[in-house]
Amino acid sequence: MHLHHITPATEDEAIARQLTLREHVSHEDSGPAPGAPATVAGVDVAYDDERGIVAAAAVTLDARTLEVRERATATGPVAFPYRPGLLAYRELPAVLDALGRLETPPDLVVCDGYGTAHPRRFGLAAHLGVLTGLPAIGVAKNPFTFRHRPPGPERGAWSPLVDDTDGTDGPQDTDGTATAHGTERAFHGEEVGRALRTQPGVKPVFVSTGHRVSLPTACAHVLNLARRYRLPETTRAADRLCRDALKAATAHPGGTSRG
């Protein structure tokens, strides 16, 4: 299923559209298996707030070798004001443009951000997945407003990322450490993702499903893509490329670019 992106005129319209589109989200595995022959795209954006410009990058890698297969970028005006929980509307026009410039659609998209780990369970990875029909996952650098226990110190250890039901705001860790593979549940709230240790002794990343991927499979994909560093290679490549695209766009305003 492919749906057209609409930039809302108001915050209320943006929220209403999120609530409508999230009904299309699937958390069943219908994409490639982790490490199987496939192409995986990383997407990321960079902003120039003074000029109101956003640059997006899409980089596809071979899921087995992690070699870069294709690169594309797009730049344009920021389409929506900053509102917590509505950041996807700022990023989607440029991200969709960059993805559309790829010669071959990817089999999986990895977003630098959130999917179901979102106040309305519809962050960028879910939104992008529903619009494109592509399997998508979110990998974030911080837990947003959700809570978790520190996972065990070894690579692959995880703990639930939980929407705390007691009304406590802000990202916090509780005392203690979860069991090595996340078998202990830290809170009684809804699990919206996982804190996943991708490298021994390094801070975890925060994985959530977007569309057409289950949470265990999403974590397995992240581990396959993060073999040497904390972040997946898809995210690292897209981050570098979008920063370069933003630098080029601000040096030569008014253009879009393709790699």
**Report entry** side chain to side chain contact (heavy atoms under 4.5 Å, CB included) assessment of Tyr47 paired with Glu91
**Finding:** CA-CA 10 Å; Tyr47 292 98; Glu91 303 183 1; 2.9 Å; yes

**Report entry** Check against side chain to side chain contact (heavy atoms under 4.5 Å, CB included), Gln18 and Leu86
**Finding:** CA-CA 9 Å; Gln18 283 183 333; Leu86 299 175; 3.5 Å; yes

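Closest of all the heavy-atom pairs between Arg120 and Gly85 is NH2-O, 3.3 Å. Across all non-hydrogen atoms, the minimal contact from Ala136 to Leu108 is N-CD1, 4.0 Å. Residue His221 comes nearest to Val213 through the heavy atom pair CD2-CG1, 4.5 Å, listed as atom of the first residue, atom of the second, then distance. Residue Ser208 comes nearest to Gly115 through the heavy atom pair OG-N, 2.8 Å, listed as atom of the first residue, atom of the second, then distance. Summarising the geometry of Arg121 relative to Asp163, their closest heavy-atom pair is NH2-OD2, 2.7 Å, with the distance given to 0.1 Å. Summarising the geometry of Leu241 relative to Ala72, their closest heavy-atom pair is CD2-O, 3.9 Å, with the distance given to 0.1 Å.
In this structure, the side chains of Leu128 and Thr132 come closer than 4.5 Å at one or more pairs of heavy atoms. Using a 4.5 Å cut-off on side-chain heavy atoms (C-beta onward), Tyr114 and Asn142 make contact. Between Leu92 and Leu124 there is a side-chain heavy-atom pair separated by less than 4.5 Å. Side-chain contact between Pro106 and Leu134 is present, with heavy atoms from C-beta onward closer than 4.5 Å.
Ring geometry for His5 versus His127: interplanar angle over 60°, hence perpendicular rather than tilted (30 to 60°).
Taking OH from Tyr89 and CD from Glu11, the interatomic distance works out to 10.5 Å, rounded to the nearest 0.5 Å. Interatomic distance, Phe122 CZ to Thr20 OG1, rounded to the nearest 0.5 Å: 9.5 Å. Distance check: Leu161 CG to Phe144 CZ gives 10.5 Å after rounding to the nearest 0.5 Å. To the nearest 0.5 Å, atom CG of residue Asp62 and atom OG1 of residue Thr39 are 8.5 Å apart. The distance from atom OG1 of Thr235 to atom CG of Asp239, rounded to the nearest 0.5 Å, is 8.5 Å. In this structure, CD1 on Ile137 lies 7.0 Å from CG on Leu225, to the nearest 0.5 angstrom.
Looking at Gln199, its side chain does come within 3.5 Å of a backbone N or O of Ala226 through a donor-acceptor pair. A donor-acceptor pair is defined here as one N or O able to donate and one able to accept, closer than 3.5 Å; such a pair exists between the side chain of Asn224 and the backbone of Ala63. Not one N or O on the side chain of Thr234 forms a donor-acceptor pair closer than 3.5 Å with the backbone of Gly42. Proximity of a side-chain donor or acceptor of Thr60 to a complementary backbone N or O of Ala41 within less than 3.5 Å is not detected. Between the side chain of Arg147 and the main chain of Val162, no donor-acceptor pair closer than 3.5 Å is present. A donor-acceptor distance shorter than 3.5 angstrom exists from the side chain of Arg230 to the backbone of Lys203, with no hydrogens or angles considered. With Arg69 contributing its side chain and Leu61 its backbone, the two residues share no donor-acceptor pair below 3.5 Å.
Phe80 is not connected to Val95 by any chain of hydrophobic side-chain contacts under 4.5 Å among Ile, Leu, Val, Met, Phe, Trp and Tyr, and they are in different clusters. Taken together through direct or relayed side-chain contacts under 4.5 Å among Ile, Leu, Val, Met, Phe, Trp and Tyr, Leu99 and Leu87 form parts of separate hydrophobic clusters. Val130 and Ile15 are members of different hydrophobic clusters when ILVMFWY side chains are connected at heavy-atom separations under 4.5 Å.
Ion pairing of Asp112 with Lys141 is present here, as a side-chain N (NZ or NE/NH1/NH2) and a carboxylate O approach within less than 4.0 Å.
Partner of Arg90 under the side chain to side chain contact (heavy atoms under 4.5 Å, CB included) criterion, chosen from Thr7, Val78, Val54: Val78.
Residues passing the side chain to side chain donor-acceptor pair (under 3.5 Å) test with Arg17, sequence neighbours excluded: none.
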Extract all donor-acceptor atom pairs below 3.5 Å that involve side chains of residues 25-32 and protein atoms in other chains or at least two apart in sequence.
{"residue": "Ser26", "atom": "OG", "partner": "Glu28", "partner atom": "N", "Å": "3.2"}
{"residue": "His27", "atom": "ND1", "partner": "Thr209", "partner atom": "OG1", "Å": "3.1"}
{"residue": "Asp29", "atom": "OD1", "partner": "Ser214", "partner atom": "N", "Å": "2.8"}
{"residue": "Asp29", "atom": "OD1", "partner": "Ser214", "partner atom": "OG", "Å": "3.2"}
{"residue": "Asp29", "atom": "OD1", "partner": "Thr217", "partner atom": "OG1", "Å": "3.2"}
{"residue": "Asp29", "atom": "OD2", "partner": "Ser214", "partner atom": "OG", "Å": "2.8"}
{"residue": "Asp29", "atom": "OD2", "partner": "Thr217", "partner atom": "OG1", "Å": "2.8"}
{"residue": "Ser30", "atom": "OG", "partner": "Arg212", "partner atom": "NE", "Å": "2.7"}

